Amino acid sequence: MTACLEREGYGYSPTTIHKYMNTEMDLHSIIRPRKPGTKPKKPHKIFENKLGQDFHADKPNRKWCTDFTYLFLKNGEVRYNCTIIDLYDRSVVASITDRHITSDLAIRTLQKALDSRHPAKGELLLHSDQGSQYTSKAFIEFCGSVHVSQSMSKAGYPYDNAPMERYFNTLKNECTNLYEFRTQEELYQAVEEFAYATYNHVRPHSCNGYRTPFEARCAA
């Protein structure tokens, strides 16, 4: 909010803005629902961490990060979102929400990203955690067929994929946790609008010098 107000010509400290948001606007944090439990599966293959927490990319479509997160409908039903972001400008490259957390969802999201950005063959590194969707035979074979190199975080170490953790926190804090979604269509539309419109074109990002991902990409 501090950065957004500065862009409009208003100079206030974060402490002042926080105080007015709490006391004047009655805005407070929201407690998130618990994550549903998952059962680990035997991996087909695990890849080394080629990214090594180097979250900087000199060119677009060189380093992508991906992960899944849990989203909830008003009745408590769970939906699963798979997102890919480009570390060059932190833009959302692809985002798909579905009923099931599967390797097929991971493959469809990656295919959507490839169709959108058309990275050069053999030059793209895709970083993920060691979730069964990414270590599955189907996903590994798909990555091989499209010449995408895989990199994986150390097990149970989210810092290795910090940009994805940050994006999902932003998605939930500024979108999905603020509303109650009666239908999955409402949820899906809200997530897509946030990813491709608000996050990519409206919301400033500190890693881009408080420019939006779209502004950072256009300035390259």
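Just so it is clear, the structure is predicted and the values come from calculations on it, not from any experiment. Only heavy atoms go into these numbers, but all of them, side chains included; no hydrogens, no water, no symmetry mates.
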Q.
How long is the straight-line distance from SG of C175 back to CG of L71, given to the nearest 0.5 Å?
A. 8.5 Å

Q | Distance, nearest 0.5 Å, that separates OH of Y167 from CD1 of I85 | A | 9.0 Å

Q. So E174 and R203, side chain to side chain contact (heavy atoms under 4.5 Å, CB included) or not? Walk me through it.
A. CA-CA 10 Å; E174 300 182 12; R203 189 185 188 281; 2.9 Å; yes

Looking only at heavy atoms, which two atoms of [X] and [Y] are closest? And how far apart?
| X | Y | result |
| --- | --- | --- |
| D160 | K154 | OD2-N, 2.9 Å |
| A219 | R211 | CB-NH1, 3.3 Å |
| S153 | N49 | CA-ND2, 4.3 Å |

Q | Whether over 12 other heavy atoms sit under 6.0 Å from K50 NZ | A | yes

Q. In terms of heavy-atom contacts, does OH of Y196 have more than 12 from other residues, nucleotides or ligands at under 6.0 Å?
A. yes

Q. Among H205, E193, R90, which residue meets the side-chain hydrogen bond (donor to acceptor under 3.5 Å, both in side chains) test with Y199?
A. H205

Q) Is there a donor-acceptor contact under 3.5 Å from the side chain of N161 to the main chain of T66? A) yes

Q.
Between K63 (side chain only) and F55 (backbone N and O only), is there a donor and an acceptor less than 3.5 Å apart?
A. no

Q: State whether D89 and R217 are salt-bridged, where the test is any N-O pair (Lys NZ or Arg NE/NH1/NH2 against Asp/Glu carboxylate O) under 4.0 Å.
A: yes

Q: Could you tell me whether R182 and E180 have a side-chain N and a carboxylate O separated by less than 4.0 Å?
A: no

Q.
Test of understanding: clusters of I, L, V, M, F, W, Y form through side-chain heavy atoms closer than 4.5 Å, transitively. Do Y159 and F168 belong to the same one?
A. no

Q) Could you walk me through whether C82 and F68 pass the side chain to side chain contact (heavy atoms under 4.5 Å, CB included) check? A) CA-CA 4 Å; C82 183; F68 287 91; 3.6 Å; yes

Answer yes if the side chains of [X] and [Y] hold a donor-acceptor pair under 3.5 Å, and no otherwise.
| X | Y | answer |
| --- | --- | --- |
| R166 | S206 | yes |
| Q184 | Y188 | yes |
| N81 | T83 | yes |
| E165 | N169 | no |

Report yes if some heavy atom in the side chain of [X] is under 4.5 Å from a heavy atom in the side chain of [Y]; otherwise report no.
| X | Y | result |
| --- | --- | --- |
| L114 | P119 | yes |
| F139 | L126 | yes |
| R79 | V191 | no |

Q) side chain to side chain contact (heavy atoms under 4.5 Å, CB included) between T170 and F194: does it pass, once the steps are laid out? A) CA-CA 10 Å; T170 301; F194 180 82; 3.8 Å; yes

